[in-house]
Amino acid sequence: MEEEKESKELFDYGIIYSFGLGNKDGLNELKAFEYFNKSFSFGYGPSAIFLARLLEYGLGVTKNRQQAEKFCIEGLNQIKDKKEKKSVSLSEEEYNNNHNN
C-alpha cells in the first residue's frame, strides 16, 4: 500500500513539472519524465500515458513514437489489470454489505 501511495505522489510531481504548476522551477519536462518513469516503475499505469506524451512529441526527451506507443499499451494494461484485481478482491464483509442493501 505504501508503494501505491508513493507511486501516486511521484505521478503528481510529474504533473507539476510537466505543466509548470506551482513550483519555483516552472516547466521542466525532463524532470517530469523522470517522475513519471519512477511512478510507472512502481506500477502506476496513468504515468505511462504521460510518458508516452513526452516521448511522442519529444518534450524533454528524444522523440520516439515507438517507445511512446509501447508505454501507452503497457499503461493501459496496468490500469485494466488493477481494475480487474479490485473487482475480484472484495472482502466477505464488503460483498455482504453490497448485496444486503
Side-chain angles (χ1 to χ4, degrees):
M1 188 59 95
E2 189 65 33
E3 195 172 277
E4 187 174 322
K5 181 181 175 191
E6 184 176 353
S7 67
K8 174 67 170 104
E9 289 173 0
L10 291 165
F11 173 81
D12 291 343
Y13 279 113
I15 293 291
I16 288 168
Y17 284 105
S18 185
F19 296 100
L21 304 172
N23 69 66
K24 64 180 172 66
D25 298 332
L27 181 72
N28 187 330
E29 291 158 332
L30 178 58
K31 268 191 177 178
F33 184 88
E34 291 168 356
Y35 279 113
F36 289 137
N37 196 38
K38 183 74 168 173
S39 174
F40 182 66
S41 74
F42 284 128
Y44 193 68
S47 293
I49 306 306
F50 286 86
L51 283 168
R53 176 184 160 269
L54 294 171
L55 286 161
E56 181 177 5
Y57 297 105
L59 304 172
V61 294
T62 303
K63 188 175 187 174
N64 187 329
R65 288 188 174 208
Q66 284 182 311
Q67 200 172 18
E69 186 177 322
K70 179 183 167 192
F71 273 113
C72 271
I73 292 167
E74 288 181 23
L76 292 172
N77 285 336
Q78 277 189 5
I79 292 167
K80 180 183 168 206
D81 289 346
K82 281 196 176 194
K83 283 184 179 182
E84 288 174 358
K85 286 178 185 175
K86 283 183 181 179
S87 69
V88 296
S89 65
L90 290 176
S91 69
E92 187 175 336
E93 181 180 349
E94 290 171 319
Y95 177 83
N96 290 331
N97 288 339
N98 287 335
H99 287 85
N100 291 330
N101 292 329

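Since we're looking at a predicted model, the values are computed, not measured.
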Under a 4.5 Å side-chain heavy-atom rule over Ile, Leu, Val, Met, Phe, Trp and Tyr, are [X] and [Y] clustered together?
{"X": "L30", "Y": "F19", "result": "yes"}
{"X": "Y57", "Y": "I73", "result": "no"}
{"X": "F42", "Y": "F33", "result": "no"}
{"X": "I15", "Y": "V61", "result": "yes"}

Counting only heavy atoms not in E69, do more than 12 fall under 6.0 Å of its CD? no
Can you tell me how far [atom2] of [Y] sits from [atom1] of [X], rounded to the nearest 0.5 angstrom?
{"X": "K70", "Y": "L51", "atom1": "NZ", "atom2": "CG", "answer": "11.5 Å"}
{"X": "Y13", "Y": "L21", "atom1": "OH", "atom2": "CG", "answer": "13.5 Å"}
{"X": "F50", "Y": "L59", "atom1": "CZ", "atom2": "CG", "answer": "12.5 Å"}

Tell me, with the steps shown, if L55 and F71 meet side-chain contact (heavy atoms from CB on, under 4.5 Å). CA-CA 9 Å; L55 286 161; F71 273 113; 3.4 Å; yes
A32: which residues meet the side chain to side chain contact (heavy atoms under 4.5 Å, CB included) condition with it, sequence neighbours left out? Y17, S18, F36, L54
Pairs touching residues 33-47 that satisfy side chain to side chain donor-acceptor pair (under 3.5 Å), sequence neighbours left out: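 Qualifying pairs, neighbours excluded: S39-S47.
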Sorted by first residue and then second, give each salt bridge (charged side-chain N to carboxylate O under 4.0 Å, His left out) pair with at least one member in residues 46-66; sequence neighbours left out. none
Do K8 and L10 touch side chain to side chain, with heavy atoms closer than 4.5 Å?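 A side-chain contact under 4.5 Å is absent here.
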